[in-house]
Amino acid sequence: MENTQTPTDTTRVAQPGRLVELLVADRHSVPLSIALHLVPGALIVAVYMLFAEPLVKAIGYPSFLAWAIALIVVLVPVQFGLLWLGSRRNGRFSLRGVVEYLDKPIPRGKITAIIAGLIVWMTLVALALTPLDNLVFDTFFTWIPFEGAGGSATTYLDGYSHSVLLITMLVCLPLTGFTLPLIEELYFRGFLLPRISHLGWGAPVLNTVLFSVYHFWAPWTVLSKVIFMFPAVWLVWRKQDIRVSIGMHPGAALLMATVGTIALILGLVP
């Protein structure tokens with residue numbers, strides 16, 4: 001039978017749905033952006049409490065592994081969601097038109113220097129602000145029910161044998177040390193930040209604050225995260241180059257995770 005579908009019909013069929021149009025629009029409303037920033041964090045906590053923590057406790061591993069599992073369960077679908085949006089927009093799986101700031105406007109030598117400086121900034125400031133995290137935790141958040149909750153990230157690993165800690169760190173290194181922070185940057189800085197750029201300088205401020213709050217599993221670190229993340233977020237927005245935050249965030253996470261794992265292997269930490 002002859003295909004009687006007109007070109008207009010084909011175009012109508014191929015149009016992305018209303019939800020896709022809303023998500024990939026050039027602008028997000030502030031309420032929509034707040035929801036898109038915070039819902040993944042709420043889902044991570046839910047997966048941790050309902051599934052990951054009971055599983056990890058049953059096999060005798062630290063809660064650090066449970067948080068890694070919860071992050072994987074939520075963030076990997078987020079990444080595939082971005083690719084799916086790209087397929088609806090471009091006709092193929094692609095981040096173009098979904099993740100912005102990909103055009104690399106900053107010269108290679110300059111971006112390398114910027115990233116190196118930001119990694120040093122993030123690492124030193126994060127360590128320097130640990131006492132602040134401890135103070136905020138002890139003052140406001142001792143009621144948090146998560147195992148290992150505390151101002152220092154190492155509290156999630158305390159009380160386990162060397163072999164269990166080593167296995168945990170080796171398993172988590174490529175995940176929490178690089179892959180998961182990379183997905184966060186593509187989503188928060190590449191997808192969400194450009195769509196609130198109409199807010200002017202308020203865009204990097206709002207993005208930084210909401211990204212910090214998104215870490216519902218560690219609310220006592222919100223202030224310190226805002227302090228050490230803001231310079232990179234501001235530069236991404238100002239220069240429209242996502243390599244700035246990709247280099248800093250996954251870069252610093254990989255550096256600290258690698259150093260911690262090597263120290264554990266060499267027996268430099270108890």
Side-chain angles (χ1 to χ4, degrees), residues 33-45 48 63-64 67-68 70-71 74-75 78 114-115 117-142 144 146 148-157 172 175-193 196 199 201-238 242 244-257 259-260:
S33 189
I34 291 173
L36 292 174
H37 277 83
L38 299 184
V39 167
L43 292 176
I44 288 167
V45 172
Y48 172 82
S63 58
F64 185 81
W67 286 115
L71 285 159
V74 174
L75 292 181
V78 166
I114 290 173
I115 289 171
L118 285 171
I119 288 176
V120 172
W121 163 265
M122 182 175 181
T123 303
L124 294 180
V125 172
L127 293 173
L129 292 178
T130 298
L132 172 63
D133 293 340
N134 283 319
L135 176 62
V136 175
F137 176 81
D138 291 339
T139 305
F140 300 107
F141 292 106
T142 53
I144 290 286
F146 308 139
S152 172
T154 60
T155 56
Y156 290 110
L157 298 167
C172 293
L175 300 171
T176 57
F178 185 78
T179 304
L180 297 172
L182 175 61
I183 294 174
E184 288 180 332
E185 289 308 311
L186 292 173
Y187 179 69
F188 287 96
R189 249 62 70 185
F191 176 61
L192 296 179
L193 177 60
I196 55 171
L199 299 176
W201 59 266
V205 172
L206 182 63
N207 182 261
T208 305
V209 171
L210 292 176
F211 176 71
S212 302
V213 175
Y214 141 87
H215 293 78
F216 289 120
W217 53 96
W220 56 92
T221 65
V222 167
L223 181 57
S224 62
K225 280 184 171 65
V226 169
I227 293 170
F228 65 68
M229 285 295 300
F230 181 73
V233 179
W234 183 85
L235 280 170
V236 172
W237 168 77
R238 185 72 177 84
I242 197 175
V244 172
S245 59
I246 286 179
M248 186 196 79
H249 183 189
L254 182 61
L255 173 65
M256 289 188 283
V259 169

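None of these values were measured; they are calculated from a predicted model.
Not counting sequence neighbours, the partners of S33 by the side-chain hydrogen bond (donor to acceptor under 3.5 Å, both in side chains) test are H37. Under the rule for a side-chain hydrogen bond (donor to acceptor under 3.5 Å, both in side chains), the partners of S224 that lie at least two apart in sequence or sit in another chain are D133. A257 pairs by the side chain to side chain contact (heavy atoms under 4.5 Å, CB included) definition with L173, not counting sequence neighbours. Among residues two or more places apart in sequence or in another chain, the side chain to side chain contact (heavy atoms under 4.5 Å, CB included) test is passed with A218 by W220, T221. Shown here are the ring-ring contact (aromatic ring centres under 6.0 Å, His included) partners of F228, two or more places apart in sequence or in another chain: there are none. In this structure L38 satisfies the side chain to side chain contact (heavy atoms under 4.5 Å, CB included) test together with I34, L210, V213, Y214, F216, sequence neighbours excluded. Listed by chain and number, the residues in a side chain to side chain contact (heavy atoms under 4.5 Å, CB included) with P219 are F141, I144 (sequence neighbours excluded). Looking at residues two or more places apart in sequence or on another chain, you find a salt bridge (charged side-chain N to carboxylate O under 4.0 Å, His left out) between E185 and R189.
Considering OG1 of T179 and CG of L75, their distance stands at 11.0 Å, rounded to 0.5 Å. Separation of atoms CD1 (I196) and CH2 (W237) is listed at 10.5 Å; rounding is to 0.5 Å. Atom-to-atom distance recorded for F191:CZ and I242:CD1 is 12.0 Å, nearest 0.5 angstrom. Between M229 atom CE and H249 atom NE2 the span is 5.5 Å, to the nearest 0.5 Å. Residue L135 holds its CG atom at 12.5 Å from OG1 of T130, rounded to the nearest 0.5 Å. Rounding to the nearest 0.5 Å gives a distance of 7.5 Å between NE2 of H215 and CG of L71.
Judged purely by atom type and a 3.5 angstrom limit, T123 uses its side chain to pair as donor or acceptor with the backbone of I119.
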Before giving the answer on side-chain contact (heavy atoms from CB on, under 4.5 Å), spell out for I115 and I246 the whole-Å C-alpha distance, their side-chain angles and the decisive distance to 0.1 Å. CA-CA 9 Å; I115 289 171; I246 286 179; over 6 Å; no
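Contact annotation: the side chain of V205 never approaches that of W234 to less than 4.5 Å [non-hydrogen atoms, C-beta and beyond].
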